[in-house]
Amino acid sequence: MTLDAISAGVGAWFAAALPDHGIYALMAFAFIAGLARGFSGFGAALIFIPLGGAIVGPKLISPILLVIDGIATLGMIPPAWRGANRREVLIMAAGAALGVPAGTAMLALLDPTILRWSITIIAIALLALLVSGWRYHGAPSAPLSSGAAQLGGPPVVAYWLGGKSDFTRVRANVVLYFSISSVFSAISYYIGGLFVPAVFALTVVILPSYMVGLYGGSKLFGLAEERTFRIACYVLIAAAAIIGMPLLDGVLR
């Protein structure tokens, strides 16, 4: 087989694997999600899953985010390891080891519309909890964090955002937690058969936008004050919860 034939075959596979609409919207959503992730340490799933899921469905968008985030955030792990409360993170990750397989089963089996409404409700509940001023002062336990839609356990995020730690420690904790829970998610997604060809084709297209956003968000974090950090997190969650509702699919397509 000649090089031209191989190239043509790869090109044909790539074109067939891509969706027939929404590519540019997905790239824009990936940039915004990366910006949020780089700034706050979380928020990529809360933005990218509802918005991207409205275009290609949650069963496809979730493994796409897992792959692009896993590649793009490798450089964030060493500083997060140094700055995080590693004991707390490991306890929370133990909960993810139980919650991620259950969440992946939900992702594979539930009706996409029901799953998207569930994601929206979880995001709104998390936002209400945080804005209420709730603070958790107890010892961390191993919660059954939800792996569905790569939300990464909203109770875990709420625990750290609502605790006593400063925002630099919160961000480090969340980054390290996601890096560990993503390993469990990758195994579960593979077993669940969610890594279809379109995941990798879209990763090639979307990854650059996500990485640019991630870099910009990381730079903005160094300039932010704690109050700005928290408000930005709240706004991101609220926007994703509202815009990602199935009722607004006509706007996103």
Side-chain angles (χ1 to χ4, degrees), residues 26-53 60-86 88-90 92-93 95-97 99-100 103-104 145-154 156-157 159-161 165 167-190 194-195 199-200 202-224 229 232-233 236-237 240:
L26 288 173
M27 292 171 65
F29 296 154
F31 171 77
I32 297 170
L35 201 65
R37 179 80 152 100
F39 178 76
S40 67
F42 82 106
L46 289 166
I47 294 171
F48 193 61
I49 297 300
L51 300 181
L60 182 57
I61 208 67
S62 297
I64 289 171
L65 178 61
L66 179 67
V67 175
I68 64 174
D69 187 72
I71 295 172
T73 60
L74 286 174
M76 296 174 67
I77 297 175
W81 176 263
R82 294 190 295 269
N85 184 324
R86 292 192 289 271
E88 287 188 7
V89 171
L90 291 176
M92 293 297 183
V100 164
T104 302
S145 53
S146 170
Q150 269 296 104
L151 281 176
V156 176
V157 176
Y159 165 77
W160 280 315
L161 278 176
S165 299
F167 72 123
T168 302
R169 176 62 61 86
V170 168
R171 182 176 180 272
N173 285 352
V174 172
V175 169
L176 185 58
Y177 168 79
F178 282 159
S179 69
I180 297 172
S181 65
S182 290
V183 175
F184 303 140
S185 294
I187 296 171
S188 296
Y189 282 18
Y190 176 77
L194 297 177
F195 288 124
V199 169
F200 302 104
L202 280 168
T203 292
V204 173
V205 175
I206 293 171
L207 181 60
S209 297
Y210 188 76
M211 293 186 72
V212 171
L214 193 76
Y215 178 79
S218 297
K219 293 298 183 182
L220 289 174
F221 174 75
L223 304 174
F229 172 79
C233 291
L236 289 170
I237 294 170

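For clarity, every value in this text was computed on a predicted model and none was experimentally measured.
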- Give the intermediate values and the outcome of side chain to side chain contact (heavy atoms under 4.5 Å, CB included) for residues Val205 and Leu26. CA-CA 9 Å; Val205 175; Leu26 288 173; over 6 Å; no
- request: Determine, step by step, whether Arg37 and Phe178 satisfy the side chain to side chain contact (heavy atoms under 4.5 Å, CB included) criterion, reporting the C-alpha distance in whole Å, the side-chain angles of both residues, the deciding distance to 0.1 Å, and the verdict.
  value: CA-CA 11 Å; Arg37 179 80 152 100; Phe178 282 159; 3.6 Å; yes
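The two residues Ala72 and Leu207 make their nearest non-hydrogen contact at CB-CD1, 4.2 Å. Taking each heavy atom of Pro79 and Gly75 in turn, the nearest pair found is CD-O, 3.5 Å. When all heavy atoms are compared, the tightest approach of Ile206 to Ala30 is CG2-CB, 3.1 Å. The two residues Gly70 and Leu74 have their closest heavy-atom pair at O-CG, 3.3 Å. Between Arg82 and Arg86 the shortest heavy-atom distance is CA-NH1, 4.2 Å. The heavy-atom pair separating Leu65 from Ala45 by the smallest distance is CD2-CA, 3.4 Å.
In this structure, the side chains of Ile61 and Phe29 stay at 4.5 Å or more apart for every pair of heavy atoms. Residues Ile68 and Leu202 have side chains not in contact (no heavy-atom distance under 4.5 Å, counting atoms from C-beta outward).
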Output a table of donor-acceptor pairs, distance under 3.5 Å, between side-chain atoms of residues 209-221 and any protein atom two or more places apart or on a different chain; print 'none' if there are none.
from: Tyr210; atom 1: OH; to: Asp69; atom 2: OD1; distance (Å): 2.4
from: Ser218; atom 1: OG; to: Leu214; atom 2: O; distance (Å): 3.0

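Taking the side chain to side chain contact (heavy atoms under 4.5 Å, CB included) definition, one finds that Phe195 meets it with Pro63, Leu66, Val67, Tyr189, Tyr190, Val199, Phe200, sequence neighbours left out. Annotation: side chain to side chain contact (heavy atoms under 4.5 Å, CB included) contacts of Ala84 (sequence neighbours excluded): Val89, Ala172, Asn173, Leu176.
Once rounded to the nearest 0.5 Å, the distance linking CG of Leu35 with CD1 of Ile47 reads 8.0 Å.
At distances below 3.5 Å, at least one donor-acceptor pair connects side-chain atoms of Arg171 with backbone N or O atoms of Gly38.
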